[in-house]
Amino acid sequence: MPPTSPPATQSKDFPMQFSEEQEAAIDLASDRSKKLVGVTGEAGTGKTTILKEVERNLEGDTCLCAPTGRAAKRIQEATGVRAMTIHRMLKIGMPDEDDDPSLPAYDKFNKMPYDNILVDESSMVADDLYRMIIDAMKASACVRFFGDANQLPPVTGVSPFLALLEKWPSAILTHNYRSDDGVVSAARSIIRGRTPQANGQFQMINPGTGNLLPAADKFIDDTFRGMNSQIIIPTKKGKYGTFAVNRWVQNKLNPSGKSLRLKYKNQYDEVEEFVYRIGDKVIWTKNDYQLRLMNGEIGWVVDFDTDSGEMVINFSGKDRLIPPLLEQFDAKRGRNIFSYDPRKNLDLAYAITTHKAQGSEFKTVLLLLNRSYVLNRANFYTAVTRAKDNVTCLFGPGGLHAAMSK
């Protein structure tokens, strides 16, 4: 049974109190004789607090990492411990001159120097990245995977995090230490298959057929151009997918000024037009090892040249030049291996998919939930738990039923 009374034991070094459940998780993850340990728990169960304590306890050189730049930044802010992306830890995109930039510099032949590796948001880690981490660990190193097993698996398929929780020593946290948090309360109801109840931080609205965007209009203001407020939608396609909603929000919040129009064929061989204006909120959608930009990074359009097509995007406080053409040259063969337009990796980010939001945290989240094949309980739970302060859910016809489906 999970503890129902306030935690009674304390950390050795500072008066932070832990429950017996938390102490057991800390002891397990701090035991370096265990090569691999998993720690999981729903929102509000204290995973971040435990991760911080484990980092304090482990001796040797410790690396804290996460699957995306935003996830790494969030865990660094929450713990005060320097964090980096898994790609940066493995030095993917930072190889020697003769190496393939898509391969890690650290691998089974060139081991990482770290004694301890702490991976946050582990439910997002796909099989290939998980394998790279294990292969690149030196023989004496240990790894700890922290995450919420109820969240969405990686886009590429089943999360190895679920398998390792069954196979390796693991701790499952059950007690909610944020029972007065309306967002956490709603999330816990969702994962248990109960329709969440409205409260001061969580509301659900069904505006009726065809009224989703007019209803959303009442909640969207200029804060959605920044990082504190975010629209989250399960899908990219369709009337209420991110592609259509981004255009609609752009015209509402940033309707005029110089525009850069780009046209590309999508995977269905359809031509799509992308329109960018200075000040637009944008997201990078694919790892690019030449530009050193990772999938999921959010920034803002600073400037562009309508003649050359060059764009300047600010990511994490730094202006980055995005050219209309990048080439990779093979010096041995004396020719280009490939060339591509990196601007294809940009999209508007007023609205992003649940997968793109995973690992991030926003003060305010607006969910547009129309019935779709990807909308289910895990998607709903993941989207709700991206919010720190409040969530508003707008449901299209059949949306709530889909959101609560297994």
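In this chain, residues are counted from 1 in sequence order. None of these values were measured; they are calculated from a predicted model.
- For Thr364 (side chain) and Ser229 (main-chain N/O), no donor-acceptor pair under 3.5 Å exists by modelled atom type.
- Within 6.0 Å of NZ on Lys218 lie no more than 12 heavy atoms contributed by other residues, nucleotides or ligands.
- Using a distance-only test at 3.5 Å, with no hydrogens or angles considered, no donor-acceptor pair links the side chain of Thr62 to the main chain of Glu55.
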key: side-chain hydrogen bond (donor to acceptor under 3.5 Å, both in side chains) between Tyr177 and Ser19, intermediate numbers included   = CA-CA 10 Å; Tyr177 293 92; Ser19 69; 2.7 Å; yes
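- Judged purely by atom type and a 3.5 angstrom limit, Lys236 has no side-chain atom pairing as donor or acceptor with the backbone of Thr353.
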message = Asp217 vs Trp248, test: side-chain contact (heavy atoms from CB on, under 4.5 Å). Steps then yes/no.
response = CA-CA 10 Å; Asp217 188 61; Trp248 178 77; 3.9 Å; yes
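- Using cut-offs of 30° and 60° on the angle between ring planes, the pair Phe145 and Tyr130 is tilted.
- Within 6.0 Å of CD1 on Ile172 lie no more than 12 heavy atoms contributed by other residues, nucleotides or ligands.
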Residues Gln151, Thr382; criterion side-chain hydrogen bond (donor to acceptor under 3.5 Å, both in side chains); working and verdict = CA-CA 5 Å; Gln151 289 190 23; Thr382 303; 4.7 Å; no
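- Within 6.0 Å of the CZ atom in Arg32, the count of heavy atoms belonging to other residues, nucleotides or ligands exceeds 12.
- Within 6.0 Å of atom CD in Glu273, more than 12 heavy atoms from other residues, nucleotides or ligands are found, so the atom counts as buried in its surroundings.
- A heavy-atom distance below 4.5 Å is not found between the side chains of Tyr264 and Val271.
- At least one donor-acceptor pair under 3.5 Å links the side chain of Ser122 to the backbone N or O of Val119.
- Using a distance-only test at 3.5 Å, with no hydrogens or angles considered, a donor-acceptor pair links the side chain of Lys35 to the main chain of Ala139.
- Residues Tyr106 and Tyr114 keep their aromatic ring centres 6.0 Å or farther apart.
- Ring geometry for Phe380 against Phe395 counts as perpendicular: the plane angle is over 60°, on a 0 to 90° scale with 30° as the lower cut.
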task = Test Lys356 against Ile232 for side-chain contact (heavy atoms from CB on, under 4.5 Å), laying out the working first.
result = CA-CA 9 Å; Lys356 292 296 184 189; Ile232 299 178; over 6 Å; no
message = Set out, in order, the CA-CA distance, both residues' side-chain angles and the distance that settles side-chain hydrogen bond (donor to acceptor under 3.5 Å, both in side chains) for Ser189 and Gln197, then state yes or no.
response = CA-CA 8 Å; Ser189 293; Gln197 300 300 305; over 6 Å; no
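- Between Trp284 and the choices Asn295, Asp347, Leu291, Ile298, the side-chain contact (heavy atoms from CB on, under 4.5 Å) rule is met once, by Leu291.
- Salt bridge absent: Lys263 and Glu270 never bring a charged side-chain N and a carboxylate O closer than 4.0 Å.
- Nearest heavy atom pair, residue Leu58 against residue Ala29, reads CD2-O, 3.9 Å.
- Note: Ile233 CD1 to Leu375 CG = 11.5 Å, rounded to the nearest 0.5 Å.
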inquiry  = Apply side-chain contact (heavy atoms from CB on, under 4.5 Å) to residues Thr68 and Met124 and explain how you reach the verdict.
reply    = CA-CA 9 Å; Thr68 66; Met124 298 174 62; 3.7 Å; yes
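- Of all non-hydrogen atoms in Val245 and Ala351, the two that sit nearest each other are CG1-CB, 4.0 Å.
- The ring of Phe219 has its center no closer than 6.0 angstrom to the ring center of Phe224.
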query = Would His355 and Val374 satisfy side-chain contact (heavy atoms from CB on, under 4.5 Å), going step by step from the backbone distance to the final call?
reply = CA-CA 11 Å; His355 269 293; Val374 298; over 6 Å; no
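- Arg88 places no side-chain N or O within 3.5 Å of a backbone atom of Met84 that could act as its donor or acceptor partner.
- Here Asp222 pairs with Arg225 in a salt bridge; the nearest charged N to carboxylate O distance falls below 4.0 Å.
- The backbone N or O of Asn345 lies less than 3.5 Å from a partner atom in the side chain of Thr285, making a donor-acceptor pair.
- Proximity of a side-chain donor or acceptor of Gln230 to a complementary backbone N or O of Ala349 within less than 3.5 Å is detected.
- Heavy atoms of other residues, nucleotides or ligands lying less than 6.0 angstrom from NZ of Lys111 number more than 12.
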request  = Output, in order, the C-alpha distance, side-chain angles, deciding distance and verdict of side-chain hydrogen bond (donor to acceptor under 3.5 Å, both in side chains) for Asp280 and Gln250.
outcome  = CA-CA 7 Å; Asp280 272 337; Gln250 181 191 47; 2.7 Å; yes
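- Side-chain contact check for Arg188 versus Arg194: every heavy-atom pair is 4.5 Å or farther apart.
- In this structure, the side chains of Asn390 and Gln203 stay at 4.5 Å or more apart for every pair of heavy atoms.
- Few gaps surround NZ on Lys237; more than 12 heavy atoms of other groups in view lie less than 6.0 Å from it.
- A 4.5 Å side-chain heavy-atom check between Val312 and Arg320 finds every atom pair outside the cut-off.
- Atom NZ of Lys388 has 12 or fewer neighbouring heavy atoms from other residues, nucleotides or ligands inside a 6.0 Å radius.
- Of the N and O atoms on the side chains of Asn376 and Ser405, not one donor lies less than 3.5 Å from an acceptor on the other residue.
- Between Pro104 and Leu90, the shortest heavy-atom distance links the atoms CB-O, 3.6 Å.
- Contact check on Arg131 versus Asp128 returns no salt bridge, with no Lys/Arg side-chain nitrogen under 4.0 Å from an Asp/Glu carboxylate oxygen.
- Rounding to the nearest 0.5 Å places CG of Asn206 at 11.0 Å from CG of Leu369.
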key: Working for ring pair (Phe, Tyr, Trp, His ring centres under 6.0 Å), residues Phe161 and Phe146   = CA-CA 9 Å; Phe161 184 54; Phe146 291 78; 9.1 Å; no
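- Looking at Lys281 and Asn254, their side chains never bring a donor and an acceptor atom within 3.5 Å of each other.
- Put simply, the side chain of Glu53 never gets that close to the backbone of Ile50: no donor and acceptor are under 3.5 Å apart.
- Taking 4.0 Å as the cut-off between side-chain N and carboxylate O, Glu121 and Arg74 count as a salt-bridged pair.
- A salt bridge links Lys138 with Asp115; the closest basic N to acidic carboxylate O contact falls under 4.0 Å.
- Between the side chains of Tyr340 and Asp288, a donor-acceptor pair is found at a separation under 3.5 Å.
- Taking every heavy atom of both residues into account, Leu129 and His87 meet most closely at CD2-CE1, 4.0 Å.
- To the nearest 0.5 angstrom, Thr385 atom OG1 is 9.5 Å from Glu361 atom CD.
- No hydrogens or angles considered: nothing links the side chains of Thr49 and Gln22 as a donor-acceptor pair under 3.5 Å.
- Proximity of Asn228 to Thr223: side-chain heavy atoms (C-beta onward) are nowhere separated by under 4.5 Å.
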task = Check the pair Glu42, Arg192 against salt bridge (Lys or Arg N to Asp or Glu O under 4.0 Å), reporting the backbone distance first and the verdict last.
result = CA-CA 11 Å; Glu42 299 170 16; Arg192 285 161 178 73; 2.8 Å; yes
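- Between Thr242 and Thr235, the closest side-chain pair of non-hydrogen atoms is not below 4.5 Å.
- A donor-acceptor contact shorter than 3.5 Å is absent between the side chain of Arg178 and the backbone of Ser185.
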